[in-house]
Every structure is written in structure tokens, then in C-alpha cells.
Amino acid sequence: MEFTLLFLATAIVMLVAWRGQRPLALGLFGAVLIACVATYLHHATDTLKLSF
């Protein structure tokens, strides 16, 4: 679900940038980039329960 929200947020940023509001698009892009990094770090730090 969170990846769907990240994808939709990226699509919204692209639509805002397409309409020509550059400062708003850059701000939203920064927010989406921080959200993507936070999501990555949340999942990258999970311990894997492997049994061999």
C-alpha cells in the first residue's frame, strides 16, 4: 500500500511540474524523495528470519 502511495505521489509531482509550477514541483519532489528514502530504510533494516 505504501508503495502505491509513493507512486501516486510521484505522478502528482509530475503533473504539477507539467503545469509549470516549478517551485511547488521541486518542493513536492523533495518530500517524495524523503518519503522514498524513509521507506527504503524502514524495509532495509528489517531482519530476515532465514533458516538453513
Side-chain angles (χ1 to χ4, degrees):
M1 182 67 178
E2 61 199 65
F3 295 106
T4 303
L5 292 176
L6 288 173
F7 179 79
L8 289 175
T10 303
I12 290 171
V13 170
M14 290 186 336
L15 288 173
V16 169
W18 191 15
R19 290 185 49 95
Q21 300 173 355
R22 183 178 171 97
L24 178 61
L26 287 174
L28 290 175
F29 175 72
V32 170
L33 190 63
I34 289 171
C36 287
V37 170
T39 301
Y40 168 74
L41 290 176
H42 173 70
H43 287 285
T45 57
D46 287 346
T47 57
L48 297 177
K49 297 186 189 313
L50 302 175
S51 62
F52 294 102

Notebook entry, point to check: Where do H43 and E2 land on the side-chain contact (heavy atoms from CB on, under 4.5 Å) test, with the steps shown first?
Noted result: CA-CA 11 Å; H43 287 285; E2 61 199 65; 2.8 Å; yes
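- Hydrophobic clustering of Ile, Leu, Val, Met, Phe, Trp and Tyr side chains at less than 4.5 Å, counting indirect connections, keeps L6 apart from L33.
- Closest heavy-atom contact between F3 and T39: CE2-CG2, 3.7 Å.
- Here R19 contributes atom CZ and L24 contributes atom CG; the two are 10.5 Å apart, rounded to the nearest 0.5 Å.
- Transitive grouping of hydrophobic side chains (ILVMFWY, heavy atoms separated by less than 4.5 Å) keeps F7 and L28 in distinct clusters.
- Between V13 and V32 the shortest heavy-atom distance is CG2-CG2, 3.9 Å.
- By the criterion of side-chain heavy atoms lying less than 4.5 angstrom apart, applied directly or through intervening Ile, Leu, Val, Met, Phe, Trp or Tyr residues, V37 is grouped together with Y40 in one hydrophobic cluster.
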Item checked: Residues L50, F52; criterion side-chain contact (heavy atoms from CB on, under 4.5 Å); working and verdict -> CA-CA 7 Å; L50 302 175; F52 294 102; 3.8 Å; yes
